[in-house]
Number of protein chains: 2
Amino acid sequence: MVTIADVARHAGVAPSTVSYVLTGKRSISPQTRTKVRESIRLLGYHPHAGARALATSRANVVALVLPLRPGVHLPVLMRFVTAAVTTARRHDMDVLLVTADQGAQGLRRVAGSAQVDGFLVMDVELDDDRVPLLRQMTQPSVLIGRPAAVKGLTCVDLDFEAAGARCVDHLADLGHRYIGFLGAPSVVYQRNTGYAQRTMAGFGAAAMRRGIASTALPAEDDYESVLVSVRSLLRTQPAMTALVVHNEAALGWVAGSLRSLGRRVPDDVAVVAICPDELAEQMQLTSVQLPAEELGRQAMELLVARLNGHPTAALTLLPPKLSGRASTAPRLRRA
Amino acid sequence: MVTIADVARHAGVAPSTVSYVLTGKRSISPQTRTKVRESIRLLGYHPHAGARALATSRANVVALVLPLRPGVHLPVLMRFVTAAVTTARRHDMDVLLVTADQGAQGLRRVAGSAQVDGFLVMDVELDDDRVPLLRQMTQPSVLIGRPAAVKGLTCVDLDFEAAGARCVDHLADLGHRYIGFLGAPSVVYQRNTGYAQRTMAGFGAAAMRRGIASTALPAEDDYESVLVSVRSLLRTQPAMTALVVHNEAALGWVAGSLRSLGRRVPDDVAVVAICPDELAEQMQLTSVQLPAEELGRQAMELLVARLNGHPTAALTLLPPKLSGRASTAPRLRRA
DNA sequence: TCCGGTTGTTGAAGCGTTTCGACAACGTTA
DNA sequence: TAACGTTGTCGAAACGCTTCAACAACCGGA
């Protein structure tokens with residue numbers, strides 16, 4: 001291995017000088033600087049990461065804690081990861097992969113051994129058992145998701161409440177007065193998932209605000225159950241002309257269910273989905289996106305900020321973005 | 001930070017003794033051992049990874065080089081990653097995430113700075129530009145996939161040739177005598193992808209061996225084109241009673257195409273797919289699996305072996321496994 | 001009783017960086 | 001000309017660990 005001493009010898013300077021050329025923490029004359037740079041290039045020198053970590057007590061590595069369990073939507077996860085890694089690299093950081101199944105134990109390990117300078121934790125739940133640990137660790141962390149209490153943390157999430165409201169507003173602006181809500185499977189509401197409840201809450205509040213009649217039901221993951229839910233929504237509220245769907249698995253069956261009940265999309269019933277953009281694109285559904293890249297990028301930027309000692313807000317909510325598509329095409333009949 | 005010196009002081013021994021307790025490289029009396037262990041626990045000591053890396057010139061980290069570009073089948077990738085990470089952890093190693101877009105440059109960086117002890121590179125192509133670099137690096141590497149020349153490397157891959165042959169054998173055993181092959185989009189064969197060609201080769205050779213008439217065609221990613229290919233196969237070989245499909249995107253349209261041409265699955269035409277198991281499961285297709293977990297596990301085990309100085313084979317091919325499902329149900333008419 | 005061989009423990013030297021204090025060399029100003 | 005700040009460079013001391021050579025203490029055998 002070629003060390004800083006080798007470079008120093010080759011360039012005819014002291015090791016410390018080489019170090020200063022590299023870090024720029026002291027002024028170095030242009031001559032020596034180029035001389036040193038040349039030697040570095042010639043010898044193919046790379047600073048030893050471990051030695052550097054030891055001397056600076058900074059590893060320049062962040063841990064990315066990923067939920068690799070079934071049920072997470074992988075395309076979204078991937079886009080998130082890519083964005084996070086890219087952003088980290090832009091700040092000269094590397095990313096250590098920690099799977100969520102290693103649990104709090106795993107976090108303690110990498111934190112304790114000073115392998116990483118900080119944590120990016122995905123898929124945080126309302127009362128996540130990792131949160132207390134993260135709070136008391138010396139290394140900073142940024143969470144994707146929104147636990148019950150964000151005090152003392154740094155969290156990033158889509159503003160699901162606003163997302164629910166955005167759907168209502170879009171539909172209300174198009175003239176709809178009776179709107180249904182097809183939610184996640186009921187277990188999701190029982191479990192403490194937070195984002196599902198918040199979307200519902202935003203939806204309900206916006207409907208009230210706009211004087212719109214709304215009905216909500218959960219939907220399970222199979223065609224039968226989607227059909228049952230949709231039928232039941234229509235029975236409860238026969239005048240319903242629009243449907244907000246917050247359930248990726250159900251999306252594929254919504255149009256079919258409606259059709260089999262004699263309603264066409266968008267002529268009889270308009271549909272707005274809250275889901276990853278590519279899904280919506282594929283099915284030509286008007287949708288509120290899940291801004292994976294943006295979340296990943298922001299989260300990493302916040303983490304870097306904290307690593308550099310800058311204070312950050314406890315909660316950063318990304319505003320929802322709605323993309324209009326065929327499923328809420330302007331309705332001539334209504335205009 | 002609590003250091004080894006703190007532990008030593010607390011336990012009333014020398015730092016080296018603590019080290020030996022931890023590494024087990026010298027015999028330590030049971031008394032001191034328990035005493036030291038107790039102090040470690042009490043003080044919550046974790047060895048500093050950087051310091052350790054510096055002293056041992058071993059980081060206990062391997063780089064996982066992932067293709068995060070569109071087109072890779074994410075569920076398979078994820079299962080692979082999970083297996084690799086789990087296996088690494090079992091050997092007390094951590095995993096540094098390197099995205100393929102960082103290219104050879106990125107590999108050089110993490111290798112040069114001694115951040116990692118080895119590389120696990122996914123999705124290697126026939127003439128991958130990273131291969132020369134990997135070959136000359138001091139750190140060992142294991143590749144998933146199969147470049148043109150494997151000499152001096154360690155590669156793991158599914159035995160695609162055997163997979164193609166396995167499909168033929170399965171169908172031949174069921175009594176089929178005229179078999180078609182629906183391949184990947186033609187660009188895949190133009191590009192140097194290797195595995196596609198090898199599957200074809202295995203398929204063709206096995207057909208010859210069993211005295212079976214075979215016809216092969218590529219298929220693009222849309223319904224129209226699948227339909228055209230299937231029709232063309234049937235026209236070329238009207239007696240065709242079985243189809244081998246090596247094209248994940250086309251899978252969903254194969255049954256439909258056949259039906260629209262008046263053939264039912266499996267009664268008129270049996271179908272065998274080469275694809276991830278869950279896809280096959282979902283469509284109830286007899287299939288040869290892509291053993292993601294097994295590949296990940298094996299690859300990491302091989303890497304660990306090389307890190308420990310054990311020699312490894314240049315090429316490890318996993319035998320294909322066929323799962324029988326409804327699409328090749330035993331045919332009463334034929335029996 | 002003395003010697004050779006274990007066994008358990010230690011002190012110190014290194015691993016490759018960074019960084020602090022020191023200090024020449026140099027222009028500037030008094 | 002003397003004193004002084006600046007600028008550029010250096011030497012040495014950390015950082016926290018491993019490991020080697022050395023050694024004390026003990027045991028059994030001659």
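Note on naming: letters A, B, ... go to the chains in the order of the sequence lines (proteins, then strands), and numbering restarts at 1 for each one. No hydrogens, no waters, no symmetry mates; every other heavy atom, side chains included, goes into these values.
The interatomic distance linking R33(B) (CZ) with dT7(C) (C1') rounds to 13 Å, in whole Å. The distance between atom CD1 of I40(A) and atom P of dG16(C), rounded to the nearest whole Å, is 16 Å. Rounded to whole Å, the distance from NE2 on H48(B) to C1' on dC15(C) is 14 Å. A straight line from CG of L22(A) to P of dT18(C) spans 6 Å, rounded to a whole angstrom.
Under 3.5 Å, the side chains of S16(B) and S19(B) contain no donor-acceptor pair of N or O atoms.
Side-chain contact between T154(A) and L143(A): absent, with no pair of heavy atoms (C-beta onward) separated by less than 4.5 Å. Using a 4.5 Å heavy-atom cutoff, the side chains of V65(A) and D123(A) are not in contact. At a threshold of 4.5 Å between non-hydrogen side-chain atoms, the residues D6(A) and M1(A) do not count as touching. Between V61(B) and V110(B) there is no side-chain heavy-atom pair separated by less than 4.5 Å. Looking at S39(A) and V7(A), their side chains come closer than 4.5 Å, going by heavy atoms from C-beta outward.
A donor-acceptor contact under 3.5 Å is not formed by the side chain of R26(B) with the base of dT7(C).
For DNA chain C, none of the residues of residues 110-118 of chain A falls under the heavy-atom distance limit of 4.0 Å. Taking a 4.0 Å limit (strictly below) on heavy-atom distances, residues 6-19 of chain B reaches DNA chain D at S16(B), S19(B). A heavy atom closer than 4.0 Å to some atom of DNA chain D occurs in L54(A), A55(A), these being the qualifying members of residues 49-57 of chain A.
Comparing P47(B) and Y20(B) along DNA chain D, the residue whose closest nucleotide (by nearest heavy atom) sits nearer the 5' end is P47(B). The residue among S29(A) and H46(B) whose nearest nucleotide of DNA chain D lies closer to the 5′ end is S29(A).
Judged by distance alone, the side chain of Q139(A) and the main-chain N or O of A111(A) form a donor-acceptor pair under 3.5 Å. A donor-acceptor pair is defined here as one N or O able to donate and one able to accept, closer than 3.5 Å; such a pair exists between the side chain of D117(A) and the backbone of N60(A).
Using a cut-off of 4.0 Å between Lys/Arg side-chain N and Asp/Glu carboxylate O, E38(B) and K35(B) are scored as not salt-bridged.
Of all nucleotides in DNA chain D, those with any atom nearer than 4.0 Å to a heavy atom of chain B start and finish, going 5' to 3', at dG16(D) to dA22(D).
A close approach under 4.0 Å does occur between a side-chain nitrogen or oxygen of S27(B) and OP1 or OP2 of dG8(C).
Partners of R109(B) by side-chain contact (heavy atoms from CB on, under 4.5 Å), not counting sequence neighbours, listed by chain and number: R89(A), D94(A), Q102(B), Q115(B).
Of all non-hydrogen atoms in I28(B) and Y20(B), the two that sit nearest each other are CD1-CB, 3.9 Å. When all heavy atoms of A14(A) and A8(A) are compared, the closest pair comes out as C-CB, 3.7 Å.
The salt bridge (Lys or Arg N to Asp or Glu O under 4.0 Å) pairs that include a residue from residues 130-139 of chain B are D128(B)-R130(B), where partners are two or more places apart or lie in different chains.
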